[in-house]
There are 2 protein chains.
Amino acid sequence: MPQDEIRARGLRLTPQRQLVLNAVRELGHATPEEIANTVRQMHPGINLSTVYRNLETLETAGFIIHTHLGHGGATYHAADEITHLHLVCGKCGKVDESELADAKDFVEIILKKRGFATDVTHFAIYGTCAACQVK
Amino acid sequence: MPQDEIRARGLRLTPQRQLVLNAVRELGHATPEEIANTVRQMHPGINLSTVYRNLETLETAGFIIHTHLGHGGATYHAADEITHLHLVCGKCGKVDESELADAKDFVEIILKKRGFATDVTHFAIYGTCAACQVK
DNA sequence: TAATTCAGCGCAATTACTTGCAATTAATTC
DNA sequence: GAATTAATTGCAAGTAATTGCGCTGAATTA
Ligand SMILES: [Mn+2]
Ligand SMILES: [Mn+2]
Ligand SMILES: [Zn+2]
Ligand SMILES: [Zn+2]
C-alpha cells in the first residue's frame, strides 16, 4: 500500500502529509500555493505553514525535489520525474524542456576543471525562446 | 563626468540613484540589503523600497544585471562585470567561478536543437563542490 | 531666479514565506 | 483499547520583499 512508503522513511503518516505528496505527484512543477489549493479539496483546513513544512520534510526524505523556474520561489516535482532540463524564456515566461543528455559534456567539463558536480535541474536554463528572438 | 551616464539614459539623477549604482559597482554580487547598507553610509535615510526600485530601474537602463546565486533573492553586478559562470555548492554555500567558454558548446547544442538562446549567467550552476563530495 | 511639471521619494500597507509555541494526534507500550 | 510520548499541526507573530499613494524635488522653461 502506498502509505507505507512514508512510514518506511521513518516519518509519521498524517492525512496532510499524504495529501501533499499526492498533490505534488499529480501536479508536477507545482508551487506551494497550488499544492495547498489541491490539498484543500480533500482537507480544507490545512494551514499553509503545514504545506511548506511537509514539502521540506518530503524533500529531505527523497520523495520530492524543488527546482527554480523563475526569479522567485520554488516549484516541486516528484523525485523520479526529474528527467529533463527546464528552458525558461525571460521574455514570454514559457517553460520548455530538453534532454538531460544535452548537458552531459558541459557537466563533464566543469567536473574535470573544477571538481564540481553539477545538478543541471536545480536551476532552470534561462534565456530567450525562438519565438521571442524573432520579435 | 560620471553622472551624465544616468541622465543620458533619460533618467533623473538623484543622490539615491547615483549611490545605488556606485554601491553595486563597488560591491559586486551584492544583495539589496548589502547595497542599502553601503548607500546608508552616505545617505542614512534611504528607504529599502527606493533601493529595490532603483535596482530595477538601473537594470532596465542597462547599467546593472541581477543573477540568482542561491535559493532565494537576487544579487547585483555591474553589467560589464558578468564575465564568468557562478558555481554554487548546495552543501557549503561556497560560490566559485568558471569561464563562460566552458558553456559554449552547451549553449550551441540548445540553440541548434530548440532555437533557445541561453544566458548561462542568470542562474547559478548548482551542485556540489570538490571538498563537499569527499565528506 | 522663479514657476511648472511629473519622476522619484518616503512611508505605510500588503504579500510571500518562516518561525515559536501550545494543542493535537500518530505511533508505541502496556 | 487505554495510557504514554513526542512528532506534527494550527495559529499567531515575525521577517523579507513589493506595492499604492501623497509629497518632494530634479529638470525644464521662461
Ligand atoms: Mn531573475
Ligand atoms: Mn533551491
Ligand atoms: Zn519566449
Ligand atoms: Zn561545498
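Letters A, B, ... mirror the listed sequences (proteins, then strands); counts begin at 1.
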Colleague: Hey, does the side-chain of A:Arg7 have a donor or acceptor N/O within less than 3.5 Å of a partner on the base of C:dA27?
Modeller: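 No.
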
Colleague: Taking only side-chain nitrogens and oxygens of B:Gln16, does any of them come within less than 4.0 Å of OP1 or OP2 of D:dG25?
Modeller: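 Checking D:dG25 against B:Gln16, no side-chain N or O comes under 4.0 Å of OP1 or OP2.
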
Colleague: Does NZ in B:Lys113 sit with more than 12 non-hydrogen atoms of other residues, nucleotides or ligands closer than 6.0 Å?
Modeller: yes

Colleague: Have a look at B:Leu48 and say if it touches a base, only the backbone sugar-phosphate, or nothing, with a 4.0 Å heavy-atom cut-off.
Modeller: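 Nothing, no nucleic acid heavy atom in range.
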
Colleague: Identify whether any heavy atom of A:Glu33 sits under 4.0 Å from a base atom; if not, whether one sits that close to sugar-phosphate; answer base, sugar-phosphate or nothing.
Modeller: nothing

Colleague: Please give, in whole Å, the distance from D:dT9 C1' to A:Leu55 CG?
Modeller: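 After rounding, the gap between these two atoms is 15 Å.
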
Colleague: Can you check the B:His71 NE2 to C:dC17 P distance for me, whole Å?
Modeller: 15 Å

Colleague: When you measure from the side chain of B:Arg53, which nucleotide among D:dA26, D:dT18, C:dC11 comes out closest?
Modeller: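 Of all the options, the side chain of B:Arg53 is nearest to C:dC11.
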
Colleague: Closer than 4.0 Å, any side-chain N/O of A:Tyr52 to the OP1 or OP2 of C:dC17?
Modeller: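 So the side chain of A:Tyr52 is within the cut-off, an N or O lying under 4.0 Å from OP1 or OP2 of C:dC17.
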
Colleague: Remember a base hit wins even if backbone is also touched, and classify B:Ser49 as base, sugar-phosphate or nothing at under 4.0 Å, heavy atoms.
Modeller: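 If one applies the 4.0 Å heavy-atom cut-off, B:Ser49 turns out to touch a base.
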
Colleague: Can you figure out which of C:dG8, C:dA26, D:dT8 approaches the side chain of A:Arg17 most closely?
Modeller: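 The closest nucleotide is D:dT8.
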
Colleague: How many Å lie between CD on A:Glu56 and P on C:dA16, as a whole number?
Modeller: 20 Å

Colleague: Using heavy-atom distances to pick each residue's nearest nucleotide on DNA chain D, tell me which of B:Gly73 and B:Pro15 is more 5'.
Modeller: B:Gly73

Colleague: When the distance from CG of B:Leu21 to P of C:dG8 is rounded to whole Å, what number comes out?
Modeller: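 It is 14 Å, rounded to the nearest whole Å.
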
Colleague: Between CD of B:Glu99 and NZ of B:Lys104, what distance do you get to the nearest 0.5 Å?
Modeller: 12.5 Å

Colleague: Remember a base hit wins even if backbone is also touched, and classify B:Gly45 as base, sugar-phosphate or nothing at under 4.0 Å, heavy atoms.
Modeller: sugar-phosphate

Colleague: Using OP1 and OP2 only, check whether a side-chain N or O of A:His43 sits under 4.0 Å from D:dG10.
Modeller: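 Result: yes.
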
Colleague: Specify the separation, in whole Å, of atom CD1 of B:Ile6 and atom P of C:dG8.
Modeller: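 These atoms are roughly 10 Å apart.
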
Colleague: Rounding to a whole Å, what distance do you find between B:Leu13:CG and D:dT28:C1'?
Modeller: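 In whole Å, D:dT28 C1' and B:Leu13 CG are 15 Å from each other.
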
Colleague: Looking only at the side chains, is there a donor atom on one of B:Glu33 and B:Asn37 sitting less than 3.5 Å from an acceptor on the other?
Modeller: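 Note: B:Glu33 and B:Asn37 side chains miss the donor-acceptor criterion.
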
Colleague: Check step by step if ring-ring contact (aromatic ring centres under 6.0 Å, His included) holds for A:Tyr126 and A:His71.
Modeller: CA-CA 10 Å; A:Tyr126 185 88; A:His71 305 224; 5.7 Å; yes

Colleague: For the residue pair A:Ser49 / A:Arg53, report whether a side-chain donor-acceptor contact shorter than 3.5 Å exists.
Modeller: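 Yes - a donor-acceptor pair under 3.5 Å links their side chains.
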
Colleague: Would you indicate, yes or no, if C:dG8 has its OP1 or OP2 atom less than 4.0 angstrom from a side-chain nitrogen or oxygen of B:Thr50?
Modeller: no

Colleague: Mind calculating the distance between CD1 (A:Ile35) and P (C:dC17) to the nearest angstrom?
Modeller: 11 Å

Colleague: D:dT8 phosphate, OP1 or OP2: any side-chain N/O from A:Asn47 under 4.0 angstrom?
Modeller: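 Checking A:Asn47 against D:dT8: no side-chain N or O falls below 4.0 Å of OP1 or OP2.
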
Colleague: Tell me whether B:Leu19 is reachable from B:Leu55 by hopping between hydrophobic residues (I, L, V, M, F, W, Y) whose side-chain heavy atoms are closer than 4.5 Å.
Modeller: yes

Colleague: Can you check the A:Arg12 CZ to C:dT28 P distance for me, whole Å?
Modeller: 9 Å

